Amino acid sequence: QVQLVESGGGLVQAGGSLRLSCVRSGRTFGGFGMGWFRQAPGKEREFVAAIAWSADITYYGDSVKGRFTISRDNAKNTVYLQMNSLKPEDTAVYYCAADSTRPTTYGRTYYSTPTRYDYWGQGTQVTVSS
């Protein structure tokens, strides 16, 4: 079993920055594709960013490209989401997700699909004030 715990959310003014962290525990061996999604009230869950399991290949949602950066520290079983130039429309609960399947073929379409992930964190609230 795998557990994911997010942290780093909070209240920030527009134009500010936050760094989210997601620590993975439980089964830690083997490669995991990791993703960040977000969900605002009344909206569907939206893909934010992902990093592939077999290499540090990254993918981003169109609304965050150029502002957010996903990275990971394998020694700490942690994935990060650095969020810069935050906007009020970035306000949402941010979820970390893990894909344990280690696909041989993947790309942005694969990692931007929520159903590809088999483990999810509880979420962390990010609020951006104008």
Side-chain angles (χ1 to χ4, degrees):
Q1 191 68 4
V2 172
Q3 295 82 40
L4 303 174
V5 178
E6 305 98 333
S7 62
L11 174 64
V12 64
Q13 288 189 331
S17 298
L18 282 175
R19 188 177 80 156
L20 305 184
S21 299
C22 173
V23 178
R24 190 177 78 246
S25 61
R27 195 200 102 186
T28 57
F29 60 87
F32 285 80
M34 300 296 297
W36 287 97
F37 290 78
R38 67 187 182 186
Q39 190 164 17
K43 295 189 177 181
E44 292 188 355
R45 190 162 294 192
E46 178 189 7
F47 170 68
V48 176
I51 187 164
W53 73 274
S54 63
D56 285 342
I57 301 172
T58 58
Y59 308 95
Y60 295 94
D62 290 339
S63 62
V64 306
K65 202 172 296 182
R67 300 188 297 123
F68 291 11
T69 302
I70 187 171
S71 62
R72 66 180 165 204
D73 184 334
N74 288 329
K76 296 182 179 180
N77 294 315
T78 300
V79 63
Y80 303 98
L81 185 69
Q82 178 67 43
M83 306 186 295
N84 298 329
S85 302
L86 282 161
K87 305 175 182 180
E89 50 264 43
D90 294 318
T91 295
V93 177
Y94 283 70
Y95 296 92
C96 173
D99 167 32
S100 65
T101 60
R102 289 183 277 174
T104 56
T105 303
Y106 55 80
R108 185 181 182 281
T109 299
Y110 181 95
Y111 279 114
S112 65
T113 304
T115 54
R116 294 295 189 181
Y117 296 84
D118 38 1
Y119 302 101
W120 290 83
Q122 300 274 31
T124 185
Q125 176 70 46
V126 171
T127 302
V128 184
S129 63
S130 56

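Predicted model, so just to flag it, every value in this text is computed and none were measured.
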Determine the minimum heavy-atom distance between Gly33 and Trp53, stating which atoms define it.
N-CB, 3.4 Å
Smallest heavy-atom separation, Pro114 atom then Ser112 atom, equals CD-O, 3.4 Å
When you compare the side chain of Tyr80 with that of Asp73, does any pair of heavy atoms fall below 4.5 Å?
yes
Val48 to Leu81 - nearest heavy-atom pair and separation:
CG1-CD2, 4.0 Å
For the backbone of Ala92 and the side chain of Gln39, can you confirm whether one donor and one acceptor N or O come within less than 3.5 Å of each other?
no
Could you see if Tyr117 belongs to whatever hydrophobic cluster contains Val93? Use Ile, Leu, Val, Met, Phe, Trp, Tyr and a side-chain cutoff under 4.5 Å.
yes
Can you name the residues that form a salt bridge (Lys or Arg N to Asp or Glu O under 4.0 Å) with Asp56, not counting sequence neighbours?
Arg72
Result of checking Val128, Val64, Val126, Asp90 against Met83 for side-chain contact (heavy atoms from CB on, under 4.5 Å)
Val126
Would you call the rings of Phe68 and Tyr94 parallel, tilted or perpendicular if under 30° counts as parallel and over 60° as perpendicular?
tilted
For the pair Phe47 and Tyr59, evaluate ring-ring contact (aromatic ring centres under 6.0 Å, His included) and give the outcome as yes or no after the intermediate values.
CA-CA 10 Å; Phe47 170 68; Tyr59 308 95; 7.7 Å; no
How close do Ala50 and Tyr111 get, counting heavy atoms only, and between which atoms?
CB-CB, 3.6 Å
My understanding is that only residues two or more places apart in sequence, or in another chain, count here; which of them pass salt bridge (Lys or Arg N to Asp or Glu O under 4.0 Å) with Glu46?
Arg38
Is any NZ, NE, NH1 or NH2 atom of the basic residue among Asp62 and Lys65 found under 4.0 Å from an Asp or Glu carboxylate oxygen of the other?
yes
Side chains of Tyr110 and Asp99: is there a donor and an acceptor less than 3.5 Å apart?
yes
Identify each donor-acceptor pair in which a side-chain atom of residues 7-21 lies under 3.5 Å from a protein atom, sequence neighbours left out, and give them as a table.
from  : atom 1 : to    : atom 2 : distance (Å)
Ser17 : OG     : Asn84 : OD1    : 2.9

Side-chain heavy atoms under 4.5 angstrom apart, residues restricted to Ile, Leu, Val, Met, Phe, Trp, Tyr: same cluster for Val79 and Val5?
no
Ring geometry between Phe37 and Trp120 (parallel below 30°, tilted from 30 to 60°, perpendicular above 60°)
tilted
Output the distance between atom CZ (Arg116) and atom OG1 (Thr109), rounded to the nearest 0.5 Å.
9.5 Å
Does Glu89, at its CD atom, have more than 12 non-hydrogen atoms belonging to other residues, nucleotides or ligands within less than 6.0 Å?
yes
Do Met34 and Leu4 have side chains that approach each other closer than 4.5 Å (heavy atoms only, starting at C-beta)?
yes
When you compare the side chain of Arg24 with that of Val2, does any pair of heavy atoms fall below 4.5 Å?
yes
Is there a path of hydrophobic side-chain contacts, each under 4.5 Å between heavy atoms, that joins Tyr95 and Val23?
no
Are Tyr60 and Arg67 side-chain neighbours, meaning at least one heavy-atom pair lies under 4.5 Å?
no
